[in-house]
Amino acid sequence: MRDLEKTAPARLLEWYDSHARDLPWRIPPKQALNGVRGDPYRVWLSEVMLQQTTVAAVRSYFAAFTTRWPTVQALAAADDADVMGEWAGLGYYARARNLLKCARVVASDYDGVFPDTVDGLRALPGIGPYTAAAIAAIAFDRPAVVVDGNVERVMARLFDVHTPLPSAKAELTDLAGRLTPDTRAGCHAQAVMDLGATICTPRNPACGICPLIADCAAKAAGTAQDLPRKTPKKPKPIRFGVAYIVRRSDGAWLLETRPERGLLGGMLGWPGTGWAETLPDPVPPIAADWRDLSGEVRHTFTHFHLRLALKVAAVGMDARPSRGAFVAATDFRPADLPTVMRKAFDLVRTEVNQEPE
DNA sequence: CATACGTGGGG
DNA sequence: TCCCCAAGTAT
């Protein structure tokens with residue numbers, strides 16, 4: 001064990017120096033070795049986007065955000081609706097709400113400079129234990145213990161830990177801490193995560209090319225495939241709902257901004273019923289002659305499956321909705337919608353296009 | 001400690 | 001088709 005605590009991090013860094021993935025928010029190891037560090041704003045933005053989200057999904061969003069808002073001050077000055085619209089499609093929308101809150105705190109209370117300690121970072125909105133440690137290590141080169149899903153998996157295998165997650169969290173964090181070096185902590189953290197993402201993968205790990213194979217207890221025991229163990233998940237129920245899609249004679253669409261709290265909080269959407277296991281009583285948002293669409297939207301969220309029926313109507317310029325507001329056709333971008341709402345729009349457009357004027 | 005919270009890709 | 005999972009956080 002004592003030996004592994006020195007050899008494993010050394011092998012890991014050696015591997016990272018030649019195999020680090022090229023990512024837009026990353027300082028290449030050769031530069032990092034010379035003391036170059038990433039812009040804390042970009043490190044923070046990338047880490048928030050990467051929470052429970054794949055690198056592939058994040059790339060285009062990171063490019064769009066940093067182009068539109070190059071600094072934390074620029075982001076802090078943005079309109080809420082613009083930020084939510086730019087985040088649309090990336091999921092976990094509380095991240096976008098907290099992103100904006102955090103940017104405004106940093107801009108107003110910290111003069112635009114991110115705190116450089118784990119505790120200081122941890123106090124900011126949307127920054128939890130993982131993200132605080134990641135920013136402290138990557139942007140400020142502090143020897144923080146960075147533990148994400150990758151690190152948990154690598155540690156569980158390296159030390160052949162059979163305790164299921166999430167119970168094993170504390171134990172795996174302790175093990176990760178033993179391997180965290182005092183220097184190059186940012187590179188070390190990214191190295192473990194890269195290893196987990198590309199070699200020590202959840203399924204079919206590529207142990208044959210792993211730089212830590214000589215240290216890996218699970219490989220020796222033949223248990224790598226089965227680790228980390230996880231407590232079984234609950235089945236997802238099916239929920240039902242109705243959404244109303246209204247077009248005014250000038251082409252405007254009836255939309256509403258959803259409440260800040262809860263599912264898709266703060267995002268644009270079509271007015272409709274709530275979503276429940278028995279279909280709620282539909283209450284139209286405006287008086288109109290409704291037509292039921294033949295198809296339905298099927299969408300799966302984290303904890304339930306949704307089947308969303310659609311009702312469509314055309315209304316005149318004098319129609320007054322009981323909820324939501326009309327958005328001019330020129331101001332409406334389907335890309336501003338969360339995916340389930342965009343699916344609904346796509347379905348309406350498809351069915352309407354099949355009919356003659 | 002458990003639950004709510006998105007989405008897209010891979011097997 | 002279906003299940004798993006991904007650089008987690010807030011409550």
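Chain letters run A, B, ... following the sequence lines, proteins first and then strands; every chain starts at 1.
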Side chains of residues 99-107 of chain A: which donor-acceptor partners sit under 3.5 Å, not counting sequence neighbours?
from: A:R104; atom 1: NE; to: A:A76; atom 2: O; distance (Å): 3.0
from: A:R104; atom 1: NH1; to: A:D80; atom 2: OD1; distance (Å): 3.2
from: A:R104; atom 1: NH2; to: A:A78; atom 2: O; distance (Å): 2.7
from: A:R104; atom 1: NH2; to: A:D80; atom 2: OD1; distance (Å): 3.0

Which pairs would a plain distance check flag for residues 208-230 of chain A, meaning a side-chain donor or acceptor within less than 3.5 Å of a matching protein atom at least two apart in sequence or in another chain?
from: A:D215; atom 1: OD1; to: A:R11; atom 2: NH1; distance (Å): 2.9
from: A:D215; atom 1: OD2; to: A:R11; atom 2: NH1; distance (Å): 2.7
from: A:T223; atom 1: OG1; to: A:D160; atom 2: OD1; distance (Å): 2.6

(message) Strictly under 4.0 angstrom, non-hydrogen atoms only: write out the protein contact profile of nucleotides 5-11 of chain B, one letter per nucleotide from the 5' end, B, S or -.
(response) BBBS-B-
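Applying the 6.0 Å contact sphere to CG of A:D250 captures more than 12 heavy atoms from other residues, nucleotides or ligands. When the shell of 6.0 Å around CD of A:Q31 is examined, it contains more than 12 heavy atoms from other residues, nucleotides or ligands.
A:F114 meets the ring-ring contact (aromatic ring centres under 6.0 Å, His included) test with A:W44; sequence neighbours excluded. By the ring-ring contact (aromatic ring centres under 6.0 Å, His included) test, A:H299 pairs with A:F301, sequence neighbours left out.
Among the protein residues, A:L23 comes within range of the nucleic acid bases, having at least one heavy atom under 4.0 Å from a base atom. If you check every strand for non-hydrogen atoms under 4.0 Å, A:R298 touches nothing.
As rounded to the nearest Å, B:dA2 and C:dA7 have P atoms that lie 22 Å from one another. Separation of the C1' atoms belonging to B:dG6 and C:dC5 is 13 Å when rounded to the nearest angstrom.
If you walk DNA chain C from 5' to 3' and mark each nucleotide with an atom closer than 4.0 Å to a heavy atom of chain A, the marks span C:dC5 to C:dT11.
In this structure, A:L124 and A:R21 both approach DNA chain C, and ranking their closest nucleotides by distance from the 5' end singles out A:R21. The residue among A:R261 and A:D194 whose nearest nucleotide of DNA chain C lies closer to the 5′ end is A:D194.
One finds no salt bridge joining A:D116 and A:R37 here, because no Lys/Arg side-chain nitrogen approaches an Asp/Glu carboxylate oxygen to under 4.0 Å.
Between A:W270 and A:F345, the ring-plane angle classifies as parallel under the 30° and 60° cut-offs.
The distance between atom NZ of A:K169 and atom P of B:dC1, rounded to the nearest whole Å, is 12 Å.
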